[in-house]
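Structure, as structure tokens:
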Amino acid sequence: MARGITEIDVHQAADALVGSGERPTVERIRAHLGTGSPNTVTRWLDTWWRGLGSRLQGRAAQLAIPDAPEAVTTLAGQLWAQALTAAQQYEAAGLERDRAVLSQERARLEAEQDAAKNELVALRNEASKARAQRDLTLAQAGELQQLIDQLRAQVADLTSQRDGVQERVDRLEAERTALSARLDKYKAAGEREREAFELHRRTFEDRAYREVDLARQAAKDARTEMAARLKTRDVREATLGRERDDAIARSASLQAELDVERAHRQGLENELKVLRPALAHLSREESINKRNKGSKAKSQARKGKSHSND
């Protein structure tokens, strides 16, 4: 019922319209009252039309001319009956038109209601899809974050390994340099000792040749001493040769190990070069997912606000 509209209000409005020379219709009564739903006005207008005949008959009795001739009374009754029939026909036609208008209005309202229901269903489906997409996006973002964390840990581990290999390479390089220096030192010492022995031998031989006639025994002793010195020199040279060979072998071994470590370091560097673009790509995807998530959240907030307003 439309905001307190009563049957009396509708009947009074219809009487006022008839009094002003207008036929009472649903729209005119609503305009006259300034309110009222079409259904309520139609229901009370029907009761007004149904009571119109009895009111007109009562009004005719009030207007009857006393002591009028029978012919006049009969003619007046016929005219009144014709007027009443015309009024009823006019009322029926107007009522049918009002019902048609009301039916159209009701069909329009039902169509709008169906459209609103369909729109609500569509919005609910869209909201459900949006929630499913949000959940999928959150799950993908979680998996992406786990993958990024794993890659970061792998990069950190590879970086640590690379640093360790570099430290080992530096240490081996220093050890090789030290061994090379020792080898050079052994070579220099052997050369100096050989040169000293050669000088001593030449000096001794020169002195022996000058004194050969005077010191045969001394020469013999000298030869004995020379033999001893030669033996000592041979032993010393053999020792220096073994140390030199050991140093050379150690240097070669260190060089081979150094080459292996350098190759390992290069492999780690190449692996890091491959992983860094992948990590950067995953970081960009994570940023894009976060922006998409924020945009969808704002869109859902706007849709939720629109539903609340509806």
Side-chain angles (χ1 to χ4, degrees), residues 1-128 299-310:
M1 188 173 292
R3 294 185 291 180
I5 295 300
T6 64
E7 183 179 11
I8 295 175
D9 294 333
V10 174
H11 288 187
Q12 289 178 352
D15 291 339
L17 290 171
V18 171
S20 62
E22 297 180 1
R23 186 177 71 83
T25 62
V26 173
E27 294 301 326
R28 286 175 180 174
I29 290 175
R30 291 182 66 202
H32 181 81
L33 295 175
T35 185
S37 68
N39 291 335
T40 303
V41 174
T42 299
R43 185 168 64 254
W44 297 140
L45 184 60
D46 288 343
T47 62
W48 182 84
W49 282 114
R50 286 193 295 270
L52 179 62
S54 60
R55 291 197 304 275
L56 290 176
Q57 290 176 357
R59 186 65 175 170
Q62 294 177 359
L63 295 176
I65 300 174
D67 300 329
E70 182 178 357
V72 174
T73 302
T74 302
L75 180 60
Q78 293 175 352
L79 292 175
W80 180 254
Q82 292 177 0
L84 183 60
T85 301
Q88 291 175 347
Q89 293 175 352
Y90 187 74
E91 170 199 355
L95 183 60
E96 191 66 27
R97 287 193 297 272
D98 290 342
R99 286 177 176 172
V101 172
L102 179 61
S103 178
Q104 293 176 357
E105 182 69 16
R106 184 177 298 164
R108 184 183 65 80
L109 291 175
E110 289 177 353
E112 291 180 355
Q113 185 178 8
D114 293 338
K117 289 180 179 179
N118 293 333
E119 184 178 1
L120 179 60
V121 171
L123 290 174
R124 286 176 177 173
N125 292 334
E126 186 177 354
S128 178
S299 176
Q300 292 176 1
R302 288 195 298 270
K303 290 180 180 180
K305 183 177 180 181
S306 175
H307 293 168
S308 300
N309 293 333
D310 292 339

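Not one N or O on the side chain of Thr40 forms a donor-acceptor pair closer than 3.5 Å with the backbone of Gly36.
The structure places CD1 of Ile5 at 10.0 Å from CZ of Arg30, a figure rounded to the nearest 0.5 Å.
Ala13 is linked by a side-chain contact (heavy atoms from CB on, under 4.5 Å) to Ile29, His32, Leu33, counting only residues two or more places apart in sequence or in another chain. Qualifying salt bridge (charged side-chain N to carboxylate O under 4.0 Å, His left out) partners for Arg28, counting only residues two or more places apart in sequence or in other chains: none.
The nearest pair of heavy atoms linking Val10 to Leu45 is CG1-N, 3.8 Å.
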*Could you check Thr6 against Asp9 for side-chain hydrogen bond (donor to acceptor under 3.5 Å, both in side chains), going step by step and ending with a plain yes or no?*
CA-CA 5 Å; Thr6 64; Asp9 294 333; 3.0 Å; yes
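Pairs engaging residues 10-20 under the side-chain hydrogen bond (donor to acceptor under 3.5 Å, both in side chains) rule: His11-Thr47, Asp15-Trp48 [sequence neighbours left out].
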